[in-house]
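Below is one structure, written out as structure tokens; the observations come after it.
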Amino acid sequence: PCNERQSRKTNVRNHILIILLLGLLLVPAGGAAAQDYSGQWLGTITASLNRCENLGKAEPGDYKLTIVHKDGEILLMENVEQVPFRGVVNPRRPRNVHVQGAYNDDGGYVTQVIEIVFASAAEGEGQSVWNWSDGYHSCGGRFEFKLEKIR
């Protein structure tokens, strides 16, 4: 009877240990559930390179943005131009966000890819690479920025 009781205790401990380990494996990387990045943000361009003479893209300074984050999808929109950039949030790396967009500008077409790393639900930083083309000519640039949630 004593060995039987000890064997049951060992089995219970093993089952509890297995349940705890499985629980830890199910927690997303980063240690917690993904943040909700929805809201109004202030983006400040900190560095910019523009190889398009007539295109005033990514001028240094501040820009207001709206971010809508629902489930694994994210939409980023600069408040003046209202051009949507769409992407997804990887559940394994919820602080790293990748969005892209395309729009008409100055007789051509701009494509842009943006990478953001959120330090928290209220701040982040990132970079963008963009290209403009009218079908015959093309040029592009890149910029770096910081984000701060304002509401």
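All values reported here derive from a predicted model rather than from experimental measurement.
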Linked, directly or transitively: Leu65 and Val83 (ILVMFWY side chains, under 4.5 Å):
yes
Report yes or no: do Trp41 and Ile45 belong to one cluster of Ile/Leu/Val/Met/Phe/Trp/Tyr joined by side chain heavy-atom distances under 4.5 Å?
yes
Closest heavy-atom pair and its distance - Glu78, Tyr63:
OE2-CD2, 3.8 Å
For Tyr136, is there any backbone N or O sitting under 3.5 Å from a side-chain donor or acceptor partner on Asp134?
yes
Nearest heavy-atom neighbours spanning Ser133 and Ser138:
CB-CB, 3.9 Å
Heavy-atom pair of closest approach, residues Ala121 and Asp36
CB-O, 4.2 Å
What distance separates Leu76 CG from Leu147 CG, expressed to the nearest 0.5 Å?
7.5 Å
Using atom types as modelled and distance alone, determine if a side-chain donor or acceptor of Arg51 lies under 3.5 Å from a backbone N or O of Gly141.
no
Trp130 with Tyr103, same ILVMFWY side-chain cluster at under 4.5 Å:
yes
Given 3.5 Å as the limit, does a donor-acceptor pair link the side chain of Ser38 with the main chain of His69, or not?
yes
Applying side chain to side chain contact (heavy atoms under 4.5 Å, CB included) between Arg142 and each of Val129, Val113, Asn131, report the one that passes.
Val129
Are any non-hydrogen side-chain atoms of Phe85 and Ser128 less than 4.5 angstrom apart?
no
Measure across Ile74 and Val88 and return the closest heavy-atom pair with its distance rounded to 0.1 Å.
CG2-N, 4.1 Å
Got a second to check how far Ile116's CD1 is from Ile67's CD1, nearest 0.5 Å?
5.5 Å
Check the pair Glu73 / Leu75 against side chain to side chain contact (heavy atoms under 4.5 Å, CB included), numbers first and verdict last.
CA-CA 7 Å; Glu73 296 180 12; Leu75 172 85; over 6 Å; no
Determine yes or no for a side-chain-to-main-chain donor-acceptor pair under 3.5 angstrom, with Lys146 supplying the side chain and Leu42 the backbone.
no
Close side-chain approach of Phe143 and Asn50, heavy atoms under 4.5 Å:
no
Above 12 or not: heavy atoms from other molecules or residues under 6.0 Å from CD of Gln40?
yes
For Glu115, the option from Gln100, His98, Gln127 that meets side chain to side chain donor-acceptor pair (under 3.5 Å):
His98
Whether the side chain of Trp132 engages the backbone of Asp105 through a donor-acceptor N/O pair (distance < 3.5 Å, no angle test) should be reported.
yes
Ring geometry between Tyr37 and Phe118 (parallel below 30°, tilted from 30 to 60°, perpendicular above 60°)
parallel
Given side chain to side chain contact (heavy atoms under 4.5 Å, CB included), test Asn104 with Tyr109 step by step and report yes or no.
CA-CA 4 Å; Asn104 293 323; Tyr109 196 67; 3.3 Å; yes
